[in-house]
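Report on one structure; see the data block that follows.
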Amino acid sequence: MTRPLRALLGATAVCAFAAAAIAQTTITVATVNNGDMIRMQGLMDDFYAKNPDIKVEWVTLEENVLRQNVTTDIATGGGQYDVMTIGTYEVPIWGKQNWLVSLNDLPADYDAGDILPAIAGGLTVDGNLLAAPFYGESSMVMYRKDLMEKAGMAMPDAPTWADIEKAAAAMTDKDAGIYGVCLRGKAGWGENMAFLTAMSNSFGARWFDENWVAQFDQPEWKATLDFYLNLMTNYGPPGASGNGFNENLTLFNQGKCGMWIDATVAASFVTGKDSTVADSVGFALAPDNGLGKRGNWLWAWSLAIPSSSKKQDAAKAFINWATNKDYLALVASKEGWANVPPGTRTSLYSNAEYAKVPFAKMTIDSINSADPTNPTVKPVPYVGVQFVAIPEFAGIATSVGELFSAALAGQMTADEALAKAQTLTADEMKAAGYN
Amino acid sequence: MSTHSSRTAGRLMVSPSVIVLFIWMVVPLAITIFFSFRFYRLLSPGRERWVGFDNYAWFLNSPDFWVAILNTLLLVIGVLIITVVFGILIALLIDQPVWGQGILRILVISPFFVMPPVAASIWENLFMHPQNGLLAAASRGLGQEPILYLEAYPMASIIFIVSWEWLPFATLILLTALQSMSSEQLEAAEMDGASAFNRFRFMTLPHLKRAITVVVLIQTIFLLGIFGEIFTTTQGGPGSASTTLPYMIYKQALIAKDVGRAAAGGIIAVILANIVAIGLMRAIGKNIDA
């Protein structure tokens with residue numbers, strides 16, 4: 001063989017390799033480091049078997065870092081990701097900016113009609129489903145059946161806030177290190193404000209009236225904050241102003257809380273192997289005040305495709321696999337029904353096997369009792385149960401959350417916190433051009 | 001023995017690195033200044049516009065701003081005092097010939113190698129936690145209610161954690177300075193009847209002056225930007241009790257996604273750092289030339 005011929009053959013071989021590489025599409029998926037998402041990464045063999053031409057690269061991040069990363073990427077048109085894991089707060093805002101690809105054209109076996117209506121409602125903008133829910137959650141009361149029994153009480157399935165206060169008083173035994181109720185106190189729009197905003201709905205409060213005027217100067221908010229502070233000061237653990245979801249989970253698992261009102265996904269943790277009280281946990285709906293709204297939220301971690309993605313077909317194939325009914329069956333066959341990502345599909349809750357999971361019924365009842373498009377007693381101009389789906393909310397609610405956290409720490413009174421919250425919110429809304 | 005032409009040649013030779021360093025500094029600064037005069041919120045595209053000094057005005061009028069400035073200075077000064085004073089004492093102590101000196105020195109220095117968020121997390125959850133912390137257990141053992149360190153004394157707690165991290169650095173620098181001290185001189189002074197305190201006051205301390213200056217200058221640069229410890233433990237709270245300027249900027253940049261305000265905050269931080277640096281150089285910088 002002459003040298004030029006050899007070189008030519010070599011070049012052809014390289015080209016052949018290159019062609020093979022082009023045939024395989026690589027998509028980058030940004031996701032949150034929650035248990036359900038990590039489990040999905042372990043089940044990827046099934047996806048590769050069905051989609052040999054697609055390769056998935058994972059970027060797995062902690063919730064807040066993920067949010068910072070994907071928001072910066074999509075707002076600056078960075079185009080790093082083909083699939084993003086986002087929540088119900090982001091979807092309506094991003095949808096309005098046309099940053100997301102419509103998922104109405106997923107294959108028929110995706111069965112979009114099977115998605116729980118409350119969840120689908122929060123992920124749909126102008127009739128387009130913009131994100132496919134991976135798992136959904138609401139919030140509910142988790143309580144210690146043994147402590148309630150000892151106090152000679154029974155928790156109703158749908159308690160009122162007065163029931164909660166009575167139960168908290170009865171279960172509190174500070175000498176034994178048991179506190180009647182553990183609630184979020186750590187400042188943040190996704191921490192204490194998620195809880196307090198959902199709670200305020202059941203007290204008849206709202207963030208804004210129909211004209212986007214802040215409502216912290218109204219008696220409903222005062223009633224909410226007074227009740228919360230009273231409950232936490234008398235029956236809550238010391239240092240609660242630093243407790244978020246994870247801190248409360250630890251306290252509850254250690255047997256230091258009589259009740260905990262938080263995300264429904266926590267149910268599988270408090271009944272799991274890390275919990276010292278796994279056998280005696282009961283569940284109830286989030287409390288109400290008889291005003292027609294309960295104090296529970298609604299959230300769904302969902303998969304969405306940014307408009308900037310150049311591999312939308314591959315991304316859709318991945319989303320279809322990850323949020324399909326078949327995926328639920330796949331997880332159930334490998335890890336058991338209790339570990340299936342909850343709260344997305346009607347069919348899951350009509351499944352007789354899944355009904356045996358202890359928290360299944362309370363989860364679906366909680367999700368069904370939340371309505372993101374109509375969250376409050378009085379009318380509001382916004383979407384969202386424990387948040388207001390406007391871009392300014394995260395910043396404003398974090399600042400308000402700091403004030404309420406300071407009130408919980410005893411650094412200011414409820415009235416001072418509410419007055420400052422009112423001024424701050426009004427100023428920010430004015431600066432943002434709402435009024 | 002430089003001639004005129006050799007000096008010119010020298011300047012030409014160093015100019016590329018000087019230019020690169022200059023661009024390295026000026027480009028980000030210019031971009032930050034540019035954004036600080038813009039309305040630029042990541043989640044509200046299409047509304048970018050010039051807003052003059054609005055972003056700066058927002059910072060200066062924010063009720064948290066002066067708290068943040070005060071907290072930032074408190075953190076820097078508090079940590080400097082603690083690390084220098086205890087750094088000298090510990091350095092004097094481990095400078096003594098004792099059995100196991102090598103291991104002792106490594107132990108004393110090791111906190112510096114723990115990453116800041118890890119250190120903060122350890123202190124928060126294993127020591128200061130009101131239910132599970134060691135300090136709470138100690139309080140209960142004495143029949144006392146546990147002290148809520150991070151809720152009741154957030155700034156003092158953070159100063160303590162940061163001091164714990166930086167004390168080894170100060171000790172290390174001061175120890176090396178101590179080791180360069182002539183023991184003959186000290187012995188001579190002792191024979192002349194100088195008391196231990198006087199030997200420390202008039203011999204050791206003047207000898208350490210330059211090392212202390214280095215510690216103060218280097219630490220100030222890093223302490224002005226302390227963020228991880230606050231982010232991990234108190235999140236700037238309760239309320240704004242432990243909010244510093246870097247934390248305030250973080251909130252505007254990454255929670256509110258307001259690039260304009262965050263940039264203005266960054267420029268304010270640059271100005272503050274310069275004021276502190278100039279003040280420090282005036283006060284103690286001359287020690288370095290000595």
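Reminder, nothing fancy here: chain letters follow the sequence lines and each chain counts from 1.
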Residue part contacting chain B, namely of A:T398, when any heavy atom lies under 4.5 Å: side chain

Option in B:G239, B:S62, B:A253 with maximal non-hydrogen atom pairs under 4.5 Å from chain A: B:G239

Chain A interface, residue from B:T233, B:D64, B:I255, B:D54 that has the most non-hydrogen pairs under 4.5 Å: B:I255

Flag if over 12 foreign heavy atoms under 6.0 Å of OH, B:Y153: no

Most chain B-contacting option - heavy-atom pairs closer than 4.5 Å, from A:G410, A:A75, A:G239, A:A394: A:G239

Under 4.5 Å from any heavy atom of chain B - which part of A:A240: backbone

Partner chain A: residue of B:N132, B:L150, B:D258 with the largest heavy-atom pair count (under 4.5 Å): B:N132

Heavy atoms from other residues, nucleotides or ligands near CH2 of B:W50 exceed 12 (cutoff 6.0 Å): yes

Interchain contact, A:L251 with chain B, by part (heavy-atom threshold 4.5 Å): side chain

Atom group of B:R47 that falls short of 4.5 Å from chain A, counting heavy atoms: side chain

B:S44 side, atom OG; A:K96 side, atom NZ - distance, nearest 0.5 Å: 10.0 Å

Closest-packed option against chain B by number of heavy-atom pairs under 4.5 Å, given A:A432, A:G433, A:G242: A:A432

Spatial distance of atom OG (A:S405) from atom CD (B:E151) [nearest 0.5 Å]: 7.5 Å

Heavy-atom proximity to chain B below 4.5 Å, by part of A:Q254: side chain

Region of A:A431 in contact with chain B, defined by heavy-atom distances below 4.5 Å: both

Check: B:Q131 side chain, A:K256 main-chain N or O, donor-acceptor pair, under 3.5 Å: no

Contacting region of B:F39 [heavy-atom separation from chain A under 4.5 Å]: side chain

Chi angles and distances behind the salt bridge (charged side-chain N to carboxylate O under 4.0 Å, His left out) call for A:E402, B:K251: CA-CA 12 Å; A:E402 285 171 5; B:K251 275 198 301 187; 2.7 Å; yes

Largest heavy-atom contact set with chain B, pairs under 4.5 Å, which of A:G395, A:P391, A:S399, A:A417: A:P391

Interatomic distance, A:T71 atom OG1 to B:L42 atom CG [nearest 0.5 angstrom]: 8.0 Å

B:F169 atom CZ: more than 12 heavy-atom contacts under 6.0 Å: yes

Max heavy-atom pair count under 4.5 Å with chain A, selected residue of B:R41, B:H129, B:E124, B:Q252: B:R41

B:E145 atom CD, over 12 foreign heavy atoms within 6.0 Å: no

Heavy-atom donor-acceptor pair, A:R67 side chain to B:L254 backbone, under 3.5 Å: no

Flag if over 12 foreign heavy atoms under 6.0 Å of CG, B:N274: yes

Heavy-atom contact with chain A under 4.5 Å, split by part of B:L43: both

Residue A:K420 excluded, over 12 heavy atoms near NZ under 6.0 Å: no

Test salt bridge (charged side-chain N to carboxylate O under 4.0 Å, His left out) applied to B:R261 and A:E428, step by step: CA-CA 12 Å; B:R261 281 180 188 169; A:E428 287 294 328; 3.1 Å; yes

Over 12 non-hydrogen atoms of neighbours within 6.0 angstrom of CZ in B:F34: yes

